[in-house]
Amino acid sequence: MTSTIKHRIAATGALLATMGTLGLSGAGTASADTAGTQSVSCTTGYLCVQPAGSPFQIDIPAGQAYTFPAPTNLTEIVNRTTSGYCVDANPDFTIAPGAWLFGQTRTAVVKITPVPAGGACAV
């Protein structure tokens, strides 16, 4: 790995850590929304998601990955864990610890995984 790539990975990890402390969400177009009413009831220690058009939410225990059976649109995501998550979607994005994303459908979500130990999601 070249030193330029190592610096970019380190910078990305630092940015994600900073964004996490600010309650923001990482790459792509996702952001932590701060106004509105949370409709997903999410227990501490879980990442909770609301698939579009479904009356049922999905609760993912902290530190675990979840793979959707087919690409799924999500209307709300609540991260009540101390970990960030990588979301394989269109476009890919991250969810910071404590973030609540709503008001914009996240499209074609395939898989949600904890941010790896190195602090950066695969692109």
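No hydrogens, no waters, no symmetry mates; every other heavy atom, side chains included, goes into these values.
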Next on the checklist: I want to check something: taking the side chain as every heavy atom from C-beta on, are I95 and L47 in contact at a cut-off of under 4.5 Å?
Outcome noted: yes
Checklist entry - Less than 4.5 Å apart, any side-chain heavy atom of R106 and any of V87? => result no
Closest non-hydrogen atom pair between [X] and [Y], with its separation:
X: P114; Y: G63; answer: CG-O, 3.3 Å
X: V115; Y: C121; answer: CG2-SG, 4.0 Å
X: D59; Y: P61; answer: O-CD, 3.7 Å
X: P51; Y: F56; answer: CD-O, 3.4 Å
X: S83; Y: P97; answer: C-CG, 3.6 Å
X: A65; Y: T113; answer: CB-CG2, 3.8 Å

Item to check | Verdict with reasoning, F93 to L101, per side-chain contact (heavy atoms from CB on, under 4.5 Å) | outcome: CA-CA 11 Å; F93 61 96; L101 310 175; 3.9 Å; yes
Atom pair [atom1] ([X]) and [atom2] ([Y]), whose distance is rounded to the nearest 0.5 Å:
X: L74; Y: I112; atom1: CG; atom2: CD1; result: 6.0 Å
X: N73; Y: Q50; atom1: CG; atom2: CD; result: 12.0 Å
X: D92; Y: K111; atom1: CG; atom2: NZ; result: 12.5 Å

Flag yes if [X] and [Y] sit in one hydrophobic cluster, no otherwise; membership is Ile, Leu, Val, Met, Phe, Trp, Tyr, and two members link when side-chain heavy atoms are under 4.5 Å apart.
X: V110; Y: I60; answer: no
X: I58; Y: Y46; answer: no
X: W100; Y: V40; answer: yes

Checklist entry - Can you check whether T107's main-chain N or O pairs, donor with acceptor, with N90's side chain at less than 3.5 Å? => result no
Item to check | Partner set under ring-ring contact (aromatic ring centres under 6.0 Å, His included) for F68, not counting sequence neighbours | outcome: Y66
